[in-house]
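This report concerns only the one structure given below.
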Amino acid sequence: MRDRVEKLTHNLSQTIVGKTDAIRLVLVALFSGGHALLEDVPGVGKTLIAKSLARSIAGDFKRIQCTPDLLPTDITGTNIWNPNSGEFQFLPGPVFTNILLADEINRATPRTQSALLEVMEEQQVTVDGVARTVAHPFFVIATQNPIEYQGTFPLPEAQMDRFTLSFSIGYPSEAEELQMLQRLENKGSNFRELQPCLELDEILELQRLCSQVRVDRSLQQYIVNLVRATRESEDITLGVSPRGAVALQRATQALAFLEGRDYALPDDVKFLTPHVICHRLIPSGGRRAKTIVEQLLRSVSIP
């Protein structure tokens, strides 16, 4: 399994130049059984990561381009009348897939955004009173542009809490950008040319193995202390929920597994805390969540 994970990482690096941390974080979200929110400007490779991942694990891939006129049934599916059979027939929506890309999710209306609440948490969709289970594994990568706010609808706290982690890819360095142009000139790796290196059953097995990574009691107490500190801080209006604490532990286990260990370290928690916690906070007084979390990491004692 370690060899397969290394092949998967190598596969993604064929199309995504120089973004080692971004690749590692998206795999942490996948192997922890959660979802990822990418907040970045257009054109830095958010969609490419999702497409490359789907190609690499032989999974089904669907994309939703979120717009204000997108309806909830455009995501979940709907019942349509079949004149041949004389009864209603369910037409599945794009959520019935393995990897779902919700592009510019904050351009969809709150009503449409809420269509993802049930499926992201319970991996099922209820349409007209009938619950239908989606495919396993089911992984959502959502993107949003943090700069352009015209015509957008900010994600509510309940929706943000569904994402295991959030991160930014960022602009490439000068050397990385030059390498991208050279690959293009030489007709280098294209995500369509990627070959699957992991089967869907192996993804489920990897998720199971990650859940067995040992987290010491003192490290669990450290996670609890960090989470509770967000609820007690005067700089924060809304702190992290218990779901956030669970997400931080699961992400820590997945990161430790990716690093080749069967036990978690405090450094795993420290590295992941900003990505798991920042998007779940509502700072007070116009402060930045990242700055507050950095202060909490310095104030909470490390085991």
Side-chain angles (χ1 to χ4, degrees), residues 21-22 24-40 105-106 113 117 120-121 140 142 144 146 154-170 207 210-259 261-303:
D21 280 349
R24 184 165 52 162
L25 287 170
V26 77
L27 292 182
V28 164
L30 174 64
F31 293 154
S32 65
H35 310 285
L37 176 65
L38 278 63
E39 299 182 278
D40 220 325
I105 188 172
N106 56 335
Q113 291 173 6
L117 285 174
M120 288 178 67
E121 181 68 19
V140 174
Q144 63 177 3
L155 296 178
E157 290 74 26
Q159 185 80 57
M160 297 292 279
D161 206 27
R162 296 301 199 272
F163 290 102
T164 299
L165 48 81
S166 170
F167 62 94
S168 171
I169 298 175
Q207 291 178 346
C210 287
S211 68
Q212 295 179 349
V213 170
R214 188 171 71 256
V215 181
D216 190 77
R217 185 65 59 86
S218 62
L219 197 54
Q220 291 178 330
Q221 185 64 55
Y222 180 48
I223 292 174
V224 170
N225 291 343
L226 283 171
V227 169
R228 294 188 67 84
T230 66
R231 303 170 192 164
E232 299 166 359
S233 173
E234 296 180 354
D235 297 325
I236 299 173
T237 302
L238 178 67
V240 178
S241 69
R243 184 190 283 123
V246 173
L248 183 53
Q249 174 167 296
R250 288 177 176 172
T252 299
Q253 291 174 305
L255 179 60
F257 182 86
L258 287 174
E259 297 294 331
R261 290 182 270 106
D262 63 352
Y263 58 91
L265 295 174
D267 284 344
D268 299 329
V269 178
K270 289 184 66 177
F271 172 75
L272 288 169
T273 294
H275 303 292
V276 176
I277 286 183
C278 281
H279 65 282
R280 303 174 192 270
L281 300 179
I282 298 183
S284 60
R287 302 196 62 189
R288 295 177 67 247
K290 186 176 181 180
T291 303
I292 296 174
V293 171
E294 289 173 350
Q295 292 174 348
L296 291 178
L297 284 171
R298 289 193 295 266
S299 63
V300 176
S301 59
I302 303 172

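Here, residue 1 is the first one in the sequence, and each next residue gets the next number.
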Problem set entry | Contact check, side chains of Q221 and P303, non-hydrogen atoms, under 4.5 Å | no

For this session: With rounding to the nearest 0.5 Å, note down the distance linking SG in C278 to CG in L37.
Result: 12.0 Å

Exercise. Side chain to side chain contact (heavy atoms under 4.5 Å, CB included) with L226: which of V300, V276, V293?
Worked result: V300

Exercise. Applying the side chain to side chain contact (heavy atoms under 4.5 Å, CB included) test to L281, which of L238, V240, L296 qualifies?
Worked result: V240

Problem set entry | T252 versus D268, side-chain donor and acceptor atoms under 3.5 Å | no

Exercise. If you round to the nearest 0.5 Å, how far is CG of L30 from OG1 of T164?
Worked result: 10.0 Å

Seminar exercise, completed: All heavy atoms of S32 vs all of R250, minimum pair found to be CB-O, 3.6 Å

For this session: Identify the heavy atoms of R162 and L117 that sit nearest to each other, and give their distance.
Result: NE-O, 3.3 Å

Problem set entry | Within 6.0 angstrom of Q212 CD, more than 12 heavy atoms from elsewhere | yes

Exercise. In Å and rounded to the nearest 0.5 Å, what is the CG to NE2 distance from L165 to H35?
Worked result: 11.0 Å

Exercise. Of all heavy-atom pairs between A256 and V213, which one has the smallest distance, and what is that distance?
Worked result: CB-CG1, 3.9 Å

Seminar exercise, completed: Heavy atoms of I169 and A22 approach each other most closely as CG1-CB, 4.4 Å

For this session: Measure from the side-chain N and O atoms of T230 to the backbone N and O of V227, and report whether any donor-acceptor pair falls under 3.5 Å.
Result: yes

Seminar exercise, completed: What one should report as the nearest heavy-atom pair of A29 and A36 is CB-CB, 4.0 Å

Problem set entry | Spatial distance of atom CG (L248) from atom CD1 (I223) [nearest 0.5 Å] | 4.5 Å

Exercise. Would you say the side-chain atoms of D161 pair up with the backbone N or O of E157, donor to acceptor, closer than 3.5 Å?
Worked result: no

Exercise. Taking C-beta and beyond as the side chain, do I277 and L272 meet within less than 4.5 Å on heavy atoms?
Worked result: no

Problem set entry | I236 vs R231 side-chain heavy atoms within contact, under 4.5 Å | no

Problem set entry | Pairwise distance CG(L265) to CG(L255) - rounded to 0.5 angstrom | 9.0 Å

Exercise. What closest approach, in Å, do P266 and Y222 show between heavy atoms, and which atom pair accounts for it?
Worked result: O-CE2, 4.3 Å

For this session: Could you tell me whether R287 atom CZ has more than 12 heavy atoms of other residues or ligands within 6.0 Å of it?
Result: yes

Problem set entry | Side-chain (R280) to main-chain (F163) donor-acceptor, under 3.5 angstrom | yes

For this session: Please answer whether the main-chain N or O of I105 pairs with a side-chain N or O of Q144 as donor and acceptor at a distance below 3.5 Å.
Result: no

Exercise. Would E259 and R24 satisfy side-chain contact (heavy atoms from CB on, under 4.5 Å), going step by step from the backbone distance to the final call?
Worked result: CA-CA 10 Å; E259 297 294 331; R24 184 165 52 162; 2.7 Å; yes

Problem set entry | Main-chain N/O of V269 paired to T273 side chain as donor or acceptor, under 3.5 Å | yes

For this session: Ignoring hydrogens and angles, tell me if any N or O in the side chain of N106 forms a donor-acceptor pair with the backbone of P154 under 3.5 Å.
Result: no

For this session: Drop me the distance from H279's NE2 to E39's CD, to the nearest 0.5 angstrom.
Result: 8.0 Å

For this session: Verify, without hydrogens or angle tests, whether S284 (side chain) and D235 (backbone) share a donor-acceptor contact under 3.5 angstrom.
Result: yes

